[in-house]
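Per chain, numbering begins at 1; letters A, B, ... match sequence-line order.
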There are 2 protein chains.
Amino acid sequence: MAETLTLKNNIRTLRFFSNEMTQQELASKIGVTRQTVMAIEKGKYSPSLEVAFKIARIFNKPIDDVFQYTSLDEK
Amino acid sequence: MAETLTLKNNIRTLRFFSNEMTQQELASKIGVTRQTVMAIEKGKYSPSLEVAFKIARIFNKPIDDVFQYTSLDEK
DNA sequence: ACAAAATGTTAAGTATTTTATACATCAAAA
DNA sequence: TTTTGATGTATAAAATACTTAACATTTTGT
């Protein structure tokens, strides 16, 4: 049945837990534009692994804690 | 000093530990071409997070066990 | 030594990510 | 109420990932 997998993330939550970090602040820290953070946060597309690593690093989390690649209906 | 970070990976090793899986087999399993596996394995470029997840999933490992984003000189 | 399979390389094209601008909406603050 | 900062949306261009195809080199097996 070729279950459809989608990419989700906790960036928004992680930002808030990190002293209410704004999208712009996160973007600056990892060296991308605010639009990129925006698009990734909203799941508009799959970022490069490098950008994913940079984000995870800011929050001191492994990538799998920031991004989840799961079947759509997963809890 | 803006330490330079580079992306490394253990794909080659993981393939061998997985019943000597070839690049072509891995490519087929994750739905990309052999050249793509080749390029990623040799670190020619940073794959998309989605492809990274697919690879990690084949080996039943978290992404951070397959890819390392570290400073060049790191042991 | 030979054949076959696996890996490496290159080039050109397509697809996707990221940038850059610009503008709209909303909430908070002044 | 007006301004300001943060977020959302849109679009075009630039950069990068991925494909396709073809061929060269290395490794493995017979």
In terms of heavy-atom contacts, B:Ser71 and B:Leu5 come closest through N-CD2, 3.4 Å
Looking across every strand, which nucleic acid part, if any, lies under 4.0 Å from A:Gln35 by heavy atom: base, sugar-phosphate, or nothing? base
Applying side-chain hydrogen bond (donor to acceptor under 3.5 Å, both in side chains) as the test, list every pair that has at least one member in residues 48-65 of chain B; sequence neighbours left out. A:Tyr69-B:Glu50
Euclidean distance, atom OH of residue A:Tyr45 to atom P of D:dT16 [Å, nearest integer]: 14 Å
Would you mind reading off the distance between A:Gln24 atom CD and D:dT4 atom C1', rounded to a whole angstrom? 15 Å
Mapping A:Phe16 and B:Thr33 to their closest nucleotides on DNA chain D, which lands nearer the 5' end? A:Phe16
Can you check the B:Glu50 CD to D:dT16 C1' distance for me, whole Å? 16 Å
Pair A:Glu25 + A:Arg15: basic N to acidic O under 4.0 Å: no
Rounded distance in Å - CD (B:Glu41) to C1' (D:dC18): 16 Å
Quick check on D:dG8: is either OP1 or OP2 less than 4.0 Å from any side-chain nitrogen or oxygen of A:Arg12? yes
Backbone N or O of A:Met21 within a donor-acceptor pair of the A:Asn19 side chain at under 3.5 Å? no
Would you kindly give the CG-to-C1' distance between A:Asn19 and D:dA6, to the nearest whole Å? 15 Å
Is A:Ser48 touching bases, backbone alone, or none of the nucleic acid, heavy atoms closer than 4.0 Å? sugar-phosphate
Atom-to-atom span, CD of B:Glu20 to C1' of D:dT28 - whole angstrom: 11 Å
Could you state the CE-C1' distance from A:Met38 to D:dA6, rounded to the nearest angstrom? 11 Å
Once you apply a heavy-atom cut-off of 4.0 Å, does B:Thr22 come out as touching a base, just sugar-phosphate, or nothing? sugar-phosphate
Between which nucleotides of DNA chain C, read 5' to 3', does contact with chain A run, using atoms under 4.0 Å from its heavy atoms? C:dT17 to C:dA22
Measure CZ/B:Phe53 against P/D:dA17 and give the value in whole Å, please. 18 Å
Is A:Lys42 touching bases, backbone alone, or none of the nucleic acid, heavy atoms closer than 4.0 Å? sugar-phosphate
Can you tell me if A:Ser28 uses its side chain to pair, donor with acceptor, with the backbone of A:Gln24 under 3.5 Å? yes
Search all heavy atoms of B:Ile58 against all heavy atoms of B:Lys29 and return the closest pair with its distance. CD1-CB, 3.7 Å
So how far is it from B:Ile40 CD1 to A:Leu49 CG, rounded to the nearest 0.5 Å? 9.0 Å
The answer to which of B:Met21 and B:Lys44 contacts DNA chain C further toward the 5' end, by nearest nucleotide, is B:Met21
